[in-house]
Each structure stands twice: as C-alpha cells, then as structure tokens.
Amino acid sequence: MARLGGYAIHLTILGCSGGVAAGLRTTCLMLDDDILVDTGTGAGDLTLSQMLRIHTVFLTHSHLDHVALLPMLADAVGPRRDTPLIVYALQATIDILRQNVFNFRLWPDYTTLPTPENPYVEFRPIVVGQPVEMSGGRRITPLPVRHAVPAVAYQFDSGRASFVFSGDTTYHEPFWKSLNTIDNLRYLMIEATFLNHNTAGAEFSGHMRPQLLAQGLKQINKRVRFLVTHMEPGNEDATMAEIQTAAGEFQPEKLKRGQVFEF
Ligand SMILES: [Zn+2]
Ligand SMILES: [Zn+2]
C-alpha cells in the first residue's frame, strides 16, 4: 500500500453530483490510492492500473448512484487480483446487493466466483460507531444517518485530522451529535439534494435541504470546512444560493470533481 506524502490522508473527489449528465459523475471518493468510498460513476474515470491498486471499498448505502460501478469494477479487476476486493457496508446494504445485484441475473455472484474460496468480492459488515482500522493508522468509522434505505456517514481519521462524509441523509440529530464528539474534525462534506420548497421530498426520500443544513450546522461546536455535495443536476446554483442565505456564516463551498484534500 502506498501512503502518499507521509502521515496525511489524501482524499480525491472522483464524483460528487446527485445525478448524471455530461461532465457530472455520481458519488465516489478515493482515499490515498487504495480505498474507494462509494462506487458511483466517478469510479469509471480511474485507469485500469489505478483500479488495480484499490483493495477496499466502503459503501454508504445501496442506492444506484453510489454502487453503480461496483459490479463492473469487480469484473475489471477480479481476474488480475490475487485476493478479493474487500467491500465494507451495513449488513442490510450487503443483503440488498446480494439479492438484487450479485444474483446471477443482474450480474454474476462475484462473492462466490470464480471460486467460493477465493472470490472477486468479499463483503464485510460494518456497525455504526465501530471503527475499521486500515493500514497507515487510517481509521474509518461509520456514523448514524437517516435515509430512505439503511445508510451511514463515514469519519476518515488520519490521526491528526478527520474528514466526515455524510453520504445521503436527511436531518438526523444523532449525526450532528456524533460530529461534536470528534475532537479533530476539520472537514464536513455533506449532501444538499433538494431545494427548500421540496419539504415533502426531503422527508420522504431522506435528503437534505438548505434550511435543514443550517439547522444542523448551528449545533456544531467547532469550526469546520463545509463542503456541499450531491446536488441535483441543473439546480446547483439555486441550491448554493439557498445555502448561502440559510447558512452563509458557515462559508459553504461547492465541491468539485477532481478536488484533493490532505488531512
Ligand atoms: Zn441515496
Ligand atoms: Zn445518492
């Protein structure tokens, strides 16, 4: 495993849109050069040799914009790897993917192929609040969120600073409380899928609106860099304008594909 530049984690945004269109990619983050967080269409911009360096994937939830390329990533790297691609997710998410994707109908069951002893993909369940220790002192902890399907946020802790990625969520008190227990919190990357008028949609489908973001941000007891992700294609400027009005004092930044954060 290559740690780039000493002790920091390098986090690269491969996709941060709530949907697809030319130039937009759905959610995919890369930690250093060996871990992916979600496998939306952003994962498809990696070269084959970059894909081969990925040994672990963390999923926030089962929705297609976050897992779409996992089956094809497994297909691309499986024959060239000696060990399975490790995929961490909630047990509920694993069950959904087994039942609906890796079922020999939508895609081959790469959790048993080419052999049950050494398959292309190995699922490992995560539990909210229980960290997964990765090489180089990197610690990845699932945090509680509330979405239309079982979902988690993640805290990436390099030891000297933490970056939290919300995944998909609506307003959820335990999420904001958990942020206040992270002493070295430096970045909060959080979704803003809907405009304020769509209160029913945000509640029904488990997403954020600018006013809900402001409600949460006011509870944070430390200063963080506030990065906005997962906006609806075509509504980015309107959403950022509403966030500016609701939560301008927190200096919202619209996340861009290709951005790299070191912490
Ligand atoms: Zn979702
Ligand atoms: Zn999503």
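Note that ligands are numbered from 1 as they come in the structure, with each ligand's atoms numbered from 1 the same way. The first residue in the sequence is number 1, and the count goes up from there.
- The Zn ion (ligand 2) forms the vertex of an angle spanning NE2 of H230 and NE2 of H66; to the nearest 10 degrees it equals 110°.
- Salt bridge annotation for E236-K254: absent, with no cationic side-chain nitrogen under 4.0 angstrom from a carboxylate oxygen.
- Taking 2.8 Å as the criterion, H63 counts as a coordinating residue of the Zn ion (ligand 1), since one of its N, O or S atoms falls below it.
- The name of the N, O or S atom in H147 nearest to the Zn ion (ligand 1) is NE2.
- In D65, the N, O or S atom that comes nearest to the Zn ion (ligand 2) is OD2.
- Taking backbone and side chain together, H61 holds an N, O or S atom under 2.8 Å from the Zn ion (ligand 1).
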For residues 213-222, which side-chain N or O atoms pair as donor and acceptor with protein atoms under 3.5 Å away, sequence neighbours left out?
from: Q219; atom 1: NE2; to: Y171; atom 2: OH; distance (Å): 2.3
from: K222; atom 1: NZ; to: I182; atom 2: O; distance (Å): 3.0

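- The ring of Y154 has its center closer than 6.0 angstrom to the ring center of F58.
- Using a 3.5 Å distance cut-off with no hydrogens or angles, the side chains of Y120 and D75 do not pair a donor with an acceptor.
- By the 6.0 Å contact criterion, CZ on R139 is open, its count of non-hydrogen atoms from other residues, nucleotides or ligands being 12 or less.
- Counting only residues at least two apart or in different chains, salt bridge (charged side-chain N to carboxylate O under 4.0 Å, His left out) contacts with residues 191-204 comprise R146-E203.
- None of the N, O or S atoms belonging to E191 lies under 2.8 Å away from the Zn ion (ligand 2).
- Within the coordination shell of the Zn ion (ligand 1), defined by N, O or S atoms under 2.8 Å, D168 is present.
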